[in-house]
There are 2 protein chains.
Amino acid sequence: MSGEDNLLKLVEAEEPEDHDYLLQEQVGFILRKAHQRHVSIFAAHIGDLTPPQFAALAKLRDVGETSQNQLGTLIAMDAATVKGVIDRLKARGLVELSKHEVDKRRLLVNLTPEGRDAIERLIPLAREITQETLAPLSAKEIATFTKLLAKLA
Amino acid sequence: MSGEDNLLKLVEAEEPEDHDYLLQEQVGFILRKAHQRHVSIFAAHIGDLTPPQFAALAKLRDVGETSQNQLGTLIAMDAATVKGVIDRLKARGLVELSKHEVDKRRLLVNLTPEGRDAIERLIPLAREITQETLAPLSAKEIATFTKLLAKLA
DNA sequence: TTGATATCATTTGCATACGAATGAGTTTCC
DNA sequence: GGAAACTCATTCGTATGCAAATGATATCAA
């Protein structure tokens, strides 16, 4: 069979290196690429806000006023990262900060009216982003994929 | 039916906000968390190299000497990003740079002997990283997930 | 009550990640 | 042959992302 012959030729070709470790097949590498693709789709739909900034606004809409740290926990950002995100949202007038009356360590974050308007306006676009990200999959595949991805996250 | 009554109560409860957009359910958000988890697992196994740095070394092992840009394409990094990664690998003596004789625009990158030793030594650890990342899934689920993830990436 | 411990926030330092602009070299094509 | 278009690399600016160190405040427990 010439097919097998060709296979042998390929395997034995050139250098004696065994490339049985293939970067393109490792979850971490594919995960990074899938994430990149999603961020790119996000940017195409929502140009003036990053995914983390959007996440902060969306979560504040869900839970209302919270401490900066607590918000970070809810959107999976460490303290240093969430600070930068909130600083930039505050500079744009989308969130406002205040000190917790009782626990003086806490910095409370809340949506401004502009922030609330923004997130309500953006949510329909976010639905499109999710759809476009999942567009390569069928409805059944989407259900399966989402379930398995959630297990990994 | 008390089930329906409870449902109505939930829907009508408190504030008139409809939170039918749930951040935690959006692919982008879960993708970001899954990626974070993988990076964390990677760091626990390979502390002195980042996933992008590892990817660069692993790909150089596969393809041998290439231009910096071409390498970037192979590991999904834009020109600006790959430059930083290669700079740091060069500073540590894991790769070496040279000018392309014919096309003077190109900067050729290759593994040094130290770089080759390093990547050969790290590949077994990388296999463990892949395994641990996928540990929450069964063998069948891993096959399904990997296939679907690849479609998205 | 006070001393150890824990939590919240900030800062610094380093490493991706990417858009945009720039400069140098190469290819295309008329 | 030469101008236009393209490619490779670098630089700048901005935005995550995280470890580690620090300071302020709170909580717990002896």
Side-chain angles (χ1 to χ4, degrees), chain A residues 28-29 31-44 46-57 65-92 94 97-109, chain B residues 28-29 31-44 46-57 65-92 94 97-109:
Chain A
F29 184 73
L31 219 38
R32 175 170 148 270
K33 287 213 301 177
H35 181 245
Q36 281 178 358
R37 174 168 167 272
H38 171 260
V39 171
S40 166
I41 292 171
F42 188 102
I46 301 181
D48 63 341
L49 223 54
T50 64
Q53 290 167 0
F54 175 87
L57 296 183
E65 191 174 57
T66 357
S67 75
Q68 194 176 261
N69 243 22
Q70 175 61 16
L71 179 61
T73 300
L74 294 171
I75 57 180
M77 284 178 215
D78 73 3
T81 302
V82 82
K83 183 186 193 313
V85 173
I86 294 303
D87 278 355
R88 284 180 283 276
L89 291 175
K90 172 178 155 62
R92 295 175 52 176
L94 299 177
L97 305 179
S98 58
K99 291 177 182 172
H100 187 109
E101 285 303 313
V102 178
D103 188 337
K104 294 177 186 169
R105 294 170 305 180
R106 295 191 199 171
L107 186 63
L108 296 174
V109 191
Chain B
F29 184 72
L31 218 39
R32 177 170 146 271
K33 288 214 300 176
H35 181 245
Q36 281 178 359
R37 173 168 169 272
H38 170 261
V39 171
S40 166
I41 292 171
F42 188 102
I46 301 181
D48 64 339
L49 222 55
T50 64
Q53 289 168 0
F54 176 87
L57 296 184
E65 190 174 59
T66 357
S67 74
Q68 193 176 262
N69 243 23
Q70 174 62 16
L71 179 61
T73 300
L74 294 172
I75 57 181
M77 284 178 217
D78 73 4
T81 301
V82 81
K83 183 186 192 313
V85 173
I86 294 303
D87 278 356
R88 284 179 283 277
L89 291 175
K90 173 178 154 62
R92 295 175 52 177
L94 300 176
L97 305 179
S98 58
K99 292 177 181 171
H100 187 112
E101 284 304 313
V102 179
D103 188 339
K104 293 177 187 170
R105 295 169 304 178
R106 295 190 199 172
L107 186 62
L108 296 175
V109 191

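Protein chains get the first letters and strands the later ones, always in sequence-line order, with residue 1 at the start of each.
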Identify which nucleotide among [options] has an atom closest to any side-chain atom of [X], counting heavy atoms from C-beta outward.
| X | options | value |
| --- | --- | --- |
| A:Val85 | D:dT16, D:dT10, C:dT16 | D:dT16 |
| B:Asn69 | C:dA9, D:dC8, C:dT26 | D:dC8 |
| A:Ala80 | C:dT11, D:dA9, C:dG25 | C:dT11 |
| A:Thr81 | D:dG17, D:dT10, C:dA9 | D:dG17 |

Give a yes/no answer on whether the side chain of [X] brings an N or O atom under 4.0 Å of OP1 or OP2 in [N].
| X | N | value |
| --- | --- | --- |
| B:Gln53 | C:dT16 | yes |
| B:Arg105 | C:dG23 | no |
| B:Thr50 | C:dT16 | yes |

Nearest-Å distance for atom pair [atom1]/[atom2], residues [X] and [N]:
| X | N | atom1 | atom2 | result |
| --- | --- | --- | --- | --- |
| B:Asp87 | D:dC12 | CG | P | 13 Å |
| A:Asp78 | D:dC18 | CG | C1' | 5 Å |
| A:Leu107 | D:dG23 | CG | P | 20 Å |
| A:Ile75 | D:dA15 | CD1 | P | 16 Å |
| A:Arg32 | D:dT16 | CZ | P | 19 Å |
| B:Leu49 | C:dC14 | CG | C1' | 14 Å |
| A:Gln68 | C:dT7 | CD | P | 17 Å |
| B:Asp48 | D:dA19 | CG | C1' | 15 Å |

Regarding [X], tell me which of base, sugar-phosphate or nothing describes its non-hydrogen contacts under 4.0 Å with the strands shown.
| X | value |
| --- | --- |
| A:Val82 | nothing |
| A:Asp103 | sugar-phosphate |
| B:Val109 | nothing |

Q: Please tell me which of A:Pro52 and B:Ser40 maps to the more 5' nucleotide of DNA chain D, matching each residue to the nucleotide holding its nearest heavy atom.
A: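 Nearer the 5' end of the strand: A:Pro52.
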
**Q.** CD on A:Gln68 to CG on A:Leu97, rounded to 0.5 Å
**A.**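 With rounding to 0.5 Å, CG (A:Leu97) is 7.0 Å from CD (A:Gln68).
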
Q. CD1 of A:Ile41 to CD of A:Gln36: how many Å apart, nearest 0.5 Å?
A.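 Going from the CD1 atom of A:Ile41 to the CD atom of A:Gln36 covers 12.0 Å.
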
Q.
With nearest nucleotide decided by heavy atoms, which residue, B:Arg106 or A:Leu108, maps closer to the 5′ end of DNA chain C?
A.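 Going by which nucleotide is closer to the 5' end, it is A:Leu108.
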
Q.
Please compare A:Gln70 and A:Val39 by the position of their nearest nucleotide in DNA chain C and report the one closer to 5'.
A.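 Comparing both residues, the 5'-ward one is A:Gln70.
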
Q. Any donor-acceptor pair under 3.5 Å linking the side chain of B:Arg88 with the backbone of B:Gln53?
A.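 Answer holds: no.
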
Q. Should the pair A:His35 and B:His35 be assigned to parallel (<30°), tilted (30 to 60°) or perpendicular (>60°) ring geometry?
A.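 The arrangement is parallel - the two ring planes meet at less than 30°.
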
Q. What's the shortest heavy-atom distance between A:Leu31 and B:Ala34, and which atoms?
A.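 Closest heavy-atom pair between A:Leu31 and B:Ala34: CD2-O, 3.8 Å.
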
Q: Please report the C-alpha distance between A:Leu94 and A:Leu49 in whole Å, then the side-chain angles of each, then the deciding distance to 0.1 Å, and finally whether the side-chain contact (heavy atoms from CB on, under 4.5 Å) criterion is met.
A: CA-CA 11 Å; A:Leu94 299 177; A:Leu49 223 54; 4.2 Å; yes

